[in-house]
K.L.:
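What follows is a structure written as structure tokens; I'll ask about it next.
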2 protein chains.
Amino acid sequence: MNDEPKRYHHGDLRRALLDAALDVLAEGQGWKFTLREIARRAGVSHTAAYKHFPDKAALLSELAAIGFERLRTDLDAALSNRSQASADSFVAMARAYVGFGLSNPNLYRLMFSADARQRANVRRDDRGEAALDILIEFIEMGQRSGWLREGDAREFAGAGWAHLHGLTLLMIDDLLAPKVGPNACEAAIAVLLEGLIASPQK
Amino acid sequence: MNDEPKRYHHGDLRRALLDAALDVLAEGQGWKFTLREIARRAGVSHTAAYKHFPDKAALLSELAAIGFERLRTDLDAALSNRSQASADSFVAMARAYVGFGLSNPNLYRLMFSADARQRANVRRDDRGEAALDILIEFIEMGQRSGWLREGDAREFAGAGWAHLHGLTLLMIDDLLAPKVGPNACEAAIAVLLEGLIASPQK
DNA sequence: ACCTGAACACCGTTCAAGT
DNA sequence: ACCTGAACACCGTTCAAGT
């Protein structure tokens, strides 16, 4: 397919560097990689990256943005094909969140690492907290339907995000299964759901 | 007090290195520090550390162990002076957990970093998941008293730990306050509590 | 037994120079 | 406009040598 062998100018080195980094994250152990290795994989000198990213932190920040975008895609997919906000769709979304972390452990850790975040202050609203936005919208719908507790939807969403974030990280690090058992993840999601639904008597 | 100036032999260099590292964590931005800087602070050659730690990861692992110990101390302190497991004492413990993270952000991140954990496989039961053990015990008591929902205490504790862990990290990174508001932390703790207490009608 | 100094391989980053 | 090569400051780690 790619019939042009190797030219001096790469074409889209920026994209190639990002893809190489995503590959390393997908294979690798840990989210720490070297800029020189990425350049090596892209078949380019290790200084070429600096024409496309001011420094390594900028590359990490861009990778984090890609990760947040993919996470949002996964969450949206879990919620689509479901008519409205129900307990089932909440559980599906929660599973999708944790599932994203377990499928992309290194990327997920990178997304919340200090290195990636130090430059993410720019336009962090439109992507970083996408999960939070989705949760807010979901909870507002659930409250209108009456099955979610009344109260500040943003605060409930924050609690939900915190719960799913911590659960995802503990699952990635395999810190729950040894002592809690194989049902740790499902049980944790159930506790969160229970904390958000309206009390039956109120 | 310390009337002996500087000897060739340090005395307790191991402890001095750990203290210097804890100082850097307490001051510093980020939990990344250099072994050479720690040695510099301890007033010693940068190769001296290798007589006390096999490598940098071992130092990090030891620091993480110290952090888990301090966290347990804080949680125990929050639960002491309280006659028994009540909703109030649960909230106090939850606040102590998040408070520990906010007071020691770099140490808390280090405790759950891959670098510190790669060597922590040894004797990780007796310290790493101390918070989980405390939660399990607390929940078992609350269940006996009847105000906590019936079910697998270890699973509830796992859910609680996940919730507090995620909340702590999001608070450290200041990811909740901007969009959720100043009550984000208290609200999240309330949601967790709601998810664990027994339904009033059951 | 404990620490130092030189050395090695490596990394992020810069910059003059090539195409 | 885009990439390379040499160079710089730095780091983790090793090891022979000092006290």
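This is a predicted model, so every value here is computed, not measured. Chain naming here is simple, since letters A, B, ... match the order of the sequence lines and numbering starts at 1 in each.
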K.L.:
B/His52 NE2 to D/dG12 C1': how many Å, rounded?
P.N.:
17 Å
K.L.:
Hey, is the side chain of A/Thr34 poking within less than 4.0 Å of OP1 or OP2 on C/dG12, counting only N and O atoms?
P.N.:
yes
K.L.:
Please state whether the phosphate of C/dC10, meaning OP1 or OP2, lies under 4.0 angstrom from any side-chain nitrogen or oxygen of A/His46.
P.N.:
no
K.L.:
Tell me which of A/Lys51 and B/Glu37 sits closer to the 5' end of DNA chain D, going by the nucleotide each one is nearest to.
P.N.:
A/Lys51
K.L.:
How close or far is atom C1' of C/dT13 from atom CG of A/Leu59, stated in whole angstroms?
P.N.:
14 Å
K.L.:
Grab the CG-P distance between A/Leu35 and D/dT4 for me, whole Å please.
P.N.:
13 Å
K.L.:
Between A/Arg14 and A/Asp19, is there a salt bridge with N-O shorter than 4.0 Å?
P.N.:
no
K.L.:
Which whole-number value in Å describes the distance from B/Ile38 CD1 to D/dT13 P?
P.N.:
13 Å
K.L.:
Mind checking who C/dA9 pairs with, Watson-Crick or G-U wobble, both distances under 3.5 Å?
P.N.:
none
K.L.:
Distance check needed: D/dG12 C1' versus B/Phe53 CZ, whole Å only.
P.N.:
15 Å
K.L.:
Quick one: does any side-chain atom of B/Ser113 pair with a main-chain N or O of B/Leu110 as donor and acceptor, under 3.5 Å?
P.N.:
yes
K.L.:
Report the residue (B/Arg36 or A/Arg40) whose heavy-atom-nearest nucleotide on DNA chain C is the more 5′ of the two.
P.N.:
B/Arg36
K.L.:
Watson-Crick or G-U wobble partner for C/dC2, using a 3.5 Å limit on both distances?
P.N.:
D/dG18
K.L.:
With a 4.0 Å cutoff (strictly under), does any side-chain N or O of A/Lys56 reach OP1 or OP2 of C/dG12?
P.N.:
yes
K.L.:
What is the distance from OH of A/Tyr50 to C1' of C/dA16, rounded to the nearest Å?
P.N.:
17 Å
K.L.:
How many Å lie between CG on A/Asp55 and P on C/dG12, as a whole number?
P.N.:
11 Å
K.L.:
With no hydrogens and no angle check, just 3.5 Å: does a side-chain donor-acceptor pair link B/Tyr108 and B/Trp31?
P.N.:
no
K.L.:
Are A/Asp133 and B/Lys179 close enough that some pair of their side-chain heavy atoms sits under 4.5 Å apart?
P.N.:
yes
K.L.:
Strictly below 4.0 Å, N to O, side chains only: are A/Asp174 and B/Arg117 in salt-bridge contact?
P.N.:
no
K.L.:
Could you give the CZ-to-C1' distance, from B/Arg14 to C/dC3, as a whole number of Å?
P.N.:
17 Å
